[in-house]
Amino acid sequence: MSAHYITNGFQRAKERPRLAAIMYAANLAMGLLLSIPILVAFSQSTELSGYSEQMSEGFDLTLWADLMETSGPLLQTLLAQMMWVLPILFVWKMGSSAGLIHAQSEGGTRSFWKGLGQHTMKASVLGLLFLVPTAAWIVFVVIVATVLSTVLTGEVGSFWVQFVFSPLAVFLGIALIDMMHDFGRIELVLGKKGIMDSWFDGMKWPFHSAYANSVYIGWMVLGLIFIVLPFMLDLSLAGLLIAFVVQQILLFGRSMITVGWISSEVLLYEDLFPAPVPDESEGDPAEAAV
Amino acid sequence: MRSFLILGLLLCWASPLQAQKATTSSVPLSERRVSYTMDVTLDPDARTIKGTERLTWRNPDSVPVDELQFHMYLNAFKDNKSTFMKESGGVHRGNEAKDSNPWGGVNISSMRIADDAGDFRPGIPFIANADLTDQIKFIQPDDGNVDDQTVFSVRLPRSVAPGETIALDIAFESKLPEVVARTGWKMTESGSPFIFAGQWFPKIAVLEIPGQRYVPKDAPKGIWNAHQFHQNSEFYADYGTYDVSIRVPEAYVVGASGIQMDETIADGFKTVRYQADDVHDFAWTASTDFLEYNQQWRHVAIKALIRPAHKGQAQRHIDAAIVALERYDDWVGEYPYTTLTVVDGIGGSNGMEYPTLITAGTTYGLPTWSRFLELVTIHEFGHQYFYGLIASNEFEEAWLDEGMNSYIESRIMDDAYGPGSVIEFGPLKVGDIAAQRLGYVKNDPSKGALFTHSWEYRMGDYSKSSYSKPATVMNTLERYLGWDVQHRFLKAYYAKWKFQHPTTRDIQTVAEEVSGENLDWFFSQYVYGTAVVDYSIHSVRSTKNEDDRYASTVRVRREQDGIFPMTLRVTLEDGTTEDFEWDGQDAWKDFKITRDSPVVEAFLDPENLVLLDINRLNNRLVADSNANNRFARQAQLRAISLYQKLFFVIGGLF
Ligand SMILES: [Zn+2]
């Protein structure tokens with residue numbers, strides 16, 4: 001049954017490829033914007049240096065050290081821009097997720113932008129609320145790891161606690177909370193619940209639907225594959241332009257996964273809580289286009 | 001045929017004997033001014049080593065000597081008033097020795113002239129049984145810190161005649177500190193203390209006689225060279241023999257300098273006896289946890305003592321030791337000892353060298369793309385040569401051991417594992433030579449000359465000037481002279497100075513003799529001085545003449561005070577290249593080149609020979625017509641995709 005939700009979700013994503021295109025384009029645009037200081041600084045340092053070709057061929061520690069020295073405050077610039085990028089990224093993630101929920105509800109006929117416009121504020125507040133259990137979970141893992149390290153002592157023990165248990169526990173916990181967050185957001189957008197109700201009801205989801213769990217896990221695995229593969233391409237650098245193109249294809253695939261993922265969750269939600277008869281304004285077929 | 005038969009017989013007869021010898025030689029390899037016979041017992045619970053020491057010392061001077069000086073280095077960890085603790089602020093290379101930790105120290109309960117000095121009393125009657133204990137007087141030759149008890153002097157009731165040997169019987173008790181500065185004890189996971197005994201016994205200093213090192217040939221008499229234990233200083237001692245019996249609880253596995261002669265077990269205790277010849281120190285280790293791995297390399301019995309958590313990496317230790325043995329044998333000279341013990345110690349005891357006994361250091365799960373284990377093993381093995389066999393004074397000229405060793409270490413890493421082999425993860429490749437260079441050129445390169453007393457360095461300059469800078473200086477010298485000459489220089493340096501105490505002056509002399517070149521310009525700038533090399537191409541300009549030829553001007557500049565001969569390579573538009581030599585003396589120079597084609601690129605030091613150059617990026621310049629932005633664009637593409645992936649990952653966190 002969960003496979004059915006996943007395939008149907010994917011089908012929905014395929015039917016409206018422009019949704020994935022929006023996700024992909026926004027992601028690419030942000031990456032492009034943030035990379036500009038690198039282009040400017042490195043152009044100035046290497047364009048006439050004669051080393052451009054050699055540095056393209058492979059990593060040279062000496063030249064990179066000289067480059068970082070001549071590029072001045074590039075690192076500070078890159079760190080500083082993360083300061084404003086992270087809040088934007090957060091709001092975009094909340095708004096676009098709400099937009100996707102809206103767009104893929106009721107047979108996938110509604111507007112992404114309208115959903116985004118209507119729900120970004122509330123979804124962002126809800127997102128902030130979900131940072132609370134995330135923080136609590138991290139604190140909990142730290143405490144458990146501390147206790148564990150009194151049992152699993154020594155170098156081998158602390159290796160397992162620090163490098164295996166703790167990251168895994170944090171990852172799995174965050175995944176669980178992310179899933180609660182997904183359904184909480186659906187409660188907010190489709191269930192028309194208040195922020196607090198969506199928060200509480202979202203947290204109940206892992207317990208009241210086994211499908212919710214398996215659908216989430218299924219998509220999570222796919223999502224991981226499509227993010228690990230492009231990372232692996234970075235490690236086998238050969239033919240960088242080709243690598244970049246393949247990465248972009250994979251990242252578009254990753255955007256499709258985001259759309260399919262939310263679509264599956266919406267389908268599941270709608271099966272469990274059939275939507276009331278839509279009011280006139282929501283049912284306007286003209287807004288189906290994104 | 002007969003000679004073959006005899007040779008065969010000799011070999012058969014020699015091999016079992018060789019197994020019981022500490023060196024490959026049947027005659028003394030060193031001057032052997034000292035000998036130590038020790039009988040000591042470890043009390044692991046009290047963290048003490050208690051025992052006796054019969055020391056013989058032969059007066060090498062041509063005048064009588066009435067004072068002896070000794071090192072008592074464990075007293076550096078006696079309290080926080082020692083010079084070591086004051087200099088390091090209670091911290092040494094990241095290993096804390098806080099007030100709450102048990103302190104160490106060494107106490108001499110008696111020191112007397114031996115009643116029976118045996119072979120070591122050639123005829124001249126001594127005042128036998130003279131008690132010298134009350135004559136022990138701590139001195140502070142370096143800084144006058146009266147609370148420092150790391151060097152003492154003893155006045156003798158009668159002077160030791162030239163060539164005469166004095167024998168002393170010393171009873172002492174050493175209390176090991178919790179591991180600090182590569183010595184001490186540390187609790188293991190199994191609950192018993194791991195022991196590393198370094199700097200652990202009263203050890204006589206070096207009497208430098210006229211003509212030795214920097215003592216003038218016409219000086220009236222020799223001078224004791226004894227330094228207090230400092231934060232950044234290690235060893236200096238005379239060659240001799242050690243015969244040491246160590247008694248430990250039976251469960252302990254022991255490793256030590258030299259060769260194990262025998263082992264007896266009685267009453268729950270194990271006594272192991274070690275013999276080390278032609279060495280200038282003796283250290284040992286003991287732990288109930290050690291797993292022992294043995295492998296033979298030619299005449300060397302390699303033993304690895306590995307902690308259980310790292311047993312998967314035992315072979316990596318041994319392989320790295322062999323990698324180093326092979327190359328030192330080829331590049332520098334024969335390893336004359338028959339044993340090598342590699343110890344996987346705990347924390348602050350790691351990364352240390354003693355004669356035929358080194359500590360490495362690794363972590364559980366160390367991936368193979370990280371070769372820090374190999375690097376540290378090769379480095380510590382290298383000290384068997386640069387400190388062990390060629391015993392420069394580590395207090396006064398640390399670069400001669402740490403620096404020469406770091407240089408060969410970087411060479412071995414490249415040769416054995418390839419350039420960029422310390423970290424080799426995907427496209428990220430970090431090599432030792434480049435890393436050493438970076439440690440110098442981007443770390444305040446104008447500060448800290450190689451030729452500096454180790455305790456007189458400015459904060460932070462010691463490690464640069466003793467490790468990374470000399471490695472870069474020597475890698476540069478190799479590229480300047482060529483490996484062929486450098487190779488002969490290394491071999492000659494070893495051949496001439498093995499089992500002696502060379503100085504910076506001596507190594508320069510050997511380099512000059514072998515290369516046939518006066519290297520004052522090199523040594524004065526980069527060994528004795530702090531000159532900084534940075535050459536750059538300032539501009540490349542071309543104009544077309546009336547005869548359709550192009551007049552190009554390349555302006556090169558010397559950006560700093562360091563002078564180094566440079567090769568300028570220009571590339572013309574038609575693809576041809578031409579090299580020009582520049583002595584590098586002037587602040588700038590114009591090269592005027594008239595050819596059929598304009599100069600489109602100028603490149604100083606195109607073969608990357610002068611590793612001392614602190615900025616390589618400015619060594620090269622292309623004409624505007626040859627601008628190339630491939631690298632910057634590629635970097636941007638990589639950054640874009642990295643950001644994209646990061647955003648997906650971060651997005652998953654909200
Ligand atoms: Zn060293």
Side-chain angles (χ1 to χ4, degrees), chain A residues 27-28 30-32 34-36 38-39 41-43 45-53 55-56 58-63 65-67 69-70 86 89-90 93-94 127 130-131 134 153-156 159 163 174-175 178 181 223 227 230-231 234-237 240-241 244 247-248 251 254 258, chain B residues 188-189 307-310 363-365 420 425-431 434-435 437-438 441-442 537 571 601-603 608 611 614-624 626-654:
Chain A
N27 181 269
L28 176 65
M30 274 196 284
L32 197 65
L34 294 195
S35 71
I36 289 171
I38 294 175
L39 176 68
F42 285 9
S43 288
S45 307
T46 65
E47 197 171 18
L48 294 176
S49 75
Y51 281 111
S52 188
E53 287 297 318
M55 291 180 82
S56 307
F59 177 76
D60 182 313
L61 184 65
T62 307
L63 291 173
D66 292 343
L67 176 66
E69 199 176 53
T70 18
L86 284 177
L89 189 68
F90 176 81
K93 167 82 198 284
M94 299 308 129
F130 271 101
L131 290 180
T134 306
T153 53
E155 204 184 329
V156 181
F159 174 87
F163 296 106
I174 285 178
D178 186 54
H181 190 174
I227 210 72
F231 266 118
D234 280 334
L235 296 180
S236 55
L237 169 80
L240 196 100
L241 191 66
F244 181 76
Q247 279 177 335
Q248 294 308 307
L251 288 168
R254 182 59 187 78
T258 299
Chain B
T188 63
E189 291 162 19
R307 291 159 53 208
H310 305 148
T363 51
Y364 176 75
F425 188 68
L428 185 72
K429 287 185 171 56
V430 177
R437 177 186 196 171
L438 203 61
V441 300
K442 301 301 180 203
I537 306 282
T571 307
E601 179 176 336
F603 195 168
N608 193 16
L611 303 189
I614 62 162
N615 187 333
R616 184 157 167 73
L617 204 56
N618 66 10
N619 281 28
R620 194 173 179 183
L621 193 68
V622 296
D624 289 346
N626 277 37
N628 182 327
N629 225 5
R630 180 173 163 211
F631 169 70
R633 295 204 178 284
Q634 226 179 51
Q636 188 194 18
L637 287 187
R638 306 194 93 220
I640 291 172
S641 115
L642 182 67
Y643 276 125
Q644 284 177 285
K645 286 172 280 185
L646 272 182
F647 294 154
F648 272 116
V649 172
I650 295 170
L653 299 177
F654 314 139

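Letters go in sequence order (proteins before strands), and every chain restarts at 1.
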Undergrad: Using a cut-off of under 4.5 Å on heavy-atom pairs, state which of A:Phe163, A:Phe159, A:Phe130 scores highest against chain B.
TA: A:Phe159
Undergrad: Heavy-atom distances under 4.5 Å only: say whether B:Thr571 touches chain A with side chain, backbone, both or neither.
TA: neither
Undergrad: Under a 4.5 Å heavy-atom cut-off, does chain B meet the side chain of A:Ser43, its backbone, both or neither?
TA: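 Both parts, backbone and side chain.
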Undergrad: Return the set of residues passing salt bridge (charged side-chain N to carboxylate O under 4.0 Å, His left out) with B:Arg620 (not counting sequence neighbours), or none when no residue passes.
TA: B:Glu601
Undergrad: Non-hydrogen atoms of chain A under 4.5 Å away: do they reach the side chain of B:Ile614, the backbone, both or neither?
TA: backbone
Undergrad: Compute the ring centroids of B:Phe631 and A:Phe42, then answer whether they are less than 6.0 Å apart.
TA: yes
Undergrad: Please state whether the side chain, the backbone, both or neither of B:Ala623 comes within less than 4.5 Å of a heavy atom of chain A.
TA: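 Contact with chain A is through the backbone of B:Ala623 alone.
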Undergrad: Need one label for A:Leu34: side chain, backbone, both or neither, based on atoms under 4.5 Å from any heavy atom in chain B.
TA: both
Undergrad: Need one label for B:Arg616: side chain, backbone, both or neither, based on atoms under 4.5 Å from any heavy atom in chain A.
TA: both
Undergrad: Pick one of side chain, backbone, both or neither for B:Leu438, based on which atoms fall under 4.5 Å of a heavy atom in chain A.
TA: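 For B:Leu438, side-chain heavy atoms alone lie under 4.5 Å from chain A.
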Undergrad: Using a 4.5 angstrom heavy-atom cutoff, name the option from B:Gly365, B:Ala639, B:Ala434 with the most pairs to chain A.
TA: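 Result: the option with the highest number of such pairs is B:Ala434.
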Undergrad: If I measure from the heavy atoms of chain A, does B:Asn608 come under 4.5 Å with its side chain, its backbone, both, or neither?
TA: neither
Undergrad: Against chain B, work out which of A:Leu86, A:Thr70, A:Leu67 has the most heavy-atom pairs shorter than 4.5 Å and name it.
TA: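 Result: the option with the highest number of such pairs is A:Leu67.
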Undergrad: Heavy-atom distances under 4.5 Å only: say whether B:Gln636 touches chain A with side chain, backbone, both or neither.
TA: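 Backbone plus side chain of B:Gln636, per the 4.5 Å heavy-atom cut-off to chain A.
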